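On a predicted model such as this, the values are computed, not experimentally measured, just so you know.
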Amino acid sequence: YEAMSAARQAQFKAGAGSVREIRSRKRGQANDDRRLRRDRLLVAKRVRHDTAEEEAEGNAGHAGVDGTFGRENGAGGGVAAATAAAGRPVTEAAEDEEMDEAARRSSAAQQINLIMLGEQANRASTCRQLHRLLAKGEIYVSAFLGHADSLRVLTRALTGNDSDATAAAVWCVTNVAAGSPEHTRAALELAPYVVPFLQSSSERLQDQAAWALGNIAGDGAHCRDALVAQGVVPPLVALLRSPSERVLTSAAFALSNLARGGSQGGGGDGDSAPPTDQMMAAGVGEPLVRALQAGTQADAMRAESLEVLTEVVWALTYLTAGRRNEGHSRTLLVLGLATPLVKLLCMCAQVL
């Protein structure tokens, strides 16, 4: 009987070792889930850098990032790389890295403070220098938001009469909103000043405003719902008819983030439904299908067309995702979605 009891316990009850393994796996899965949520958040946001022409007009040679926010090029290889290079214990390398981090934060704050001193003399120049610095990573965004006058400086530029300062300030909002959820919440405070630029006569302001609002919407349901309440859907849909590919790309990017399901930022926003019904009612389907048709007409896609198609397809993906959007799928098929979508798949297959 005792042998049978022991065998039964061994079969149905995990031992101490297996319990530790289970807990370890759960912790590992939790860490993986957190990394996945952050990766999704990063994919939904984009830092904007100067083009070659824009950079030539200002301060050339600023450091860049490698496509996802907050990782500066040449910013070191981490503790393991530092240890291997220096041949020192991990603890010493970790201490040095912490010191390097503190030094970078101090340097970022000093640079921000120096730039802010010139705001009264030349607001446009100040905002241009700021947007370049904010593109260098979260350390600089944190340093900027840690300055007592950060949001006031941007508000003055956004509400002033200097179009260059206004455009540069919207660019600053774009790069602030590309950071952490805390950074994006700060950018959300400036959204009421940015939304009207969607209807500006300037394509430059339309493009930058759509990009900034797209970054804010990408943070999660709270920010997304706040933007919808401010009326961003109709003007963004209208921008899909812009003759400018840059404006069209940014508008499609913003709309795709508005259509994303649930809370992406992990900040307790809940699972409120994205405004896909409102977007379809505003007529988003027809210009998206038309953009897809236009982008697949040529035998070979240009780089600019590829950017447009990427954002358009993401927007269509979120508009048709899930059972609640089945009606949208049927509407888009009636509008002629199937033919250009199949053609795009064939073109991608040829490239692969």
Side-chain angles (χ1 to χ4, degrees), residues 32-34 36-46 177 181 184-185 188 191 195 198 210-211 213-241 248-293 295-296 308-345 348:
D32 290 343
D33 290 343
R34 282 192 292 271
L36 180 59
R37 285 195 296 270
R38 177 159 176 81
D39 288 345
R40 287 174 177 169
L41 185 60
L42 291 173
V43 168
K45 299 181 179 185
R46 294 162 193 184
T184 309
R185 299 297 175 97
L188 181 61
V195 172
L198 294 174
W211 194 331
L213 296 170
N215 275 351
I216 294 173
D219 197 75
H222 169 78
C223 291
R224 180 194 66 209
D225 294 347
L227 292 181
V228 171
Q230 293 176 34
V232 299
V233 171
L236 282 172
V237 171
L239 290 182
L240 293 177
R241 297 177 171 86
L248 173 55
T249 301
S250 295
F253 164 65
L255 287 165
S256 69
N257 273 348
L258 287 172
R260 285 160 57 105
S263 172
Q264 306 296 334
D269 289 330
D271 291 317
S272 61
T276 52
D277 291 343
Q278 182 181 346
M279 292 165 65
M280 292 297 290
V284 72
E286 185 270 333
L288 286 177
V289 172
R290 183 189 301 172
L292 193 61
Q293 291 169 337
T296 54
V308 173
L309 288 172
T310 299
E311 301 305 339
V312 166
V313 171
W314 273 118
L316 290 168
T317 299
Y318 292 127
L319 280 170
T320 56
R323 180 173 297 179
R324 68 180 300 273
N325 291 326
E326 287 180 355
H328 303 163
S329 301
R330 289 191 290 271
T331 300
L332 290 167
L333 288 173
V334 171
L335 290 171
L337 173 63
T339 298
L341 189 59
V342 170
K343 185 174 181 180
L344 179 60
L345 288 171
C348 293

Atom pair [atom1]/[atom2] of [X] and [Y] - distance to nearest 0.5 Å:
X      : Y      : atom1 : atom2 : value
Leu240 : Leu248 : CG    : CG    : 6.0 Å
His222 : Leu227 : NE2   : CG    : 9.5 Å
Ser329 : Leu316 : OG    : CG    : 9.5 Å
Thr339 : Leu344 : OG1   : CG    : 12.5 Å
Thr276 : Leu255 : OG1   : CG    : 12.0 Å
Asp219 : Arg224 : CG    : CZ    : 11.0 Å

Minimum heavy-atom distance [X]-[Y], with the two atoms named:
X      : Y      : answer
Arg260 : Gly218 : NH2-O, 4.3 Å
Asn257 : Gly214 : ND2-O, 2.7 Å
Gly295 : Leu309 : O-CD1, 3.7 Å
Gln293 : Leu335 : NE2-O, 4.4 Å
Ser272 : Ala221 : OG-CB, 3.4 Å
Ala251 : Leu236 : CB-O, 3.8 Å

Practice task
Check the pair Met280 / Asn325 against side chain to side chain contact (heavy atoms under 4.5 Å, CB included), numbers first and verdict last.
Solution key: CA-CA 10 Å; Met280 292 297 290; Asn325 291 326; over 6 Å; no
Practice task
Using a 4.5 Å cut-off on heavy atoms from C-beta on, say whether the side chain of Thr184 contacts that of Asn215.
Solution key: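 Asn215 vs Thr184: side chains apart.
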Handout entry: Chi angles and distances behind the side chain to side chain contact (heavy atoms under 4.5 Å, CB included) call for Phe253, Thr249
Key = CA-CA 6 Å; Phe253 164 65; Thr249 301; 5.6 Å; no
Which residues pass the side-chain hydrogen bond (donor to acceptor under 3.5 Å, both in side chains) test with [X], not counting sequence neighbours?
X      : answer
Glu286 : Arg241, Arg290
Glu311 : Arg46
Ser256 : none

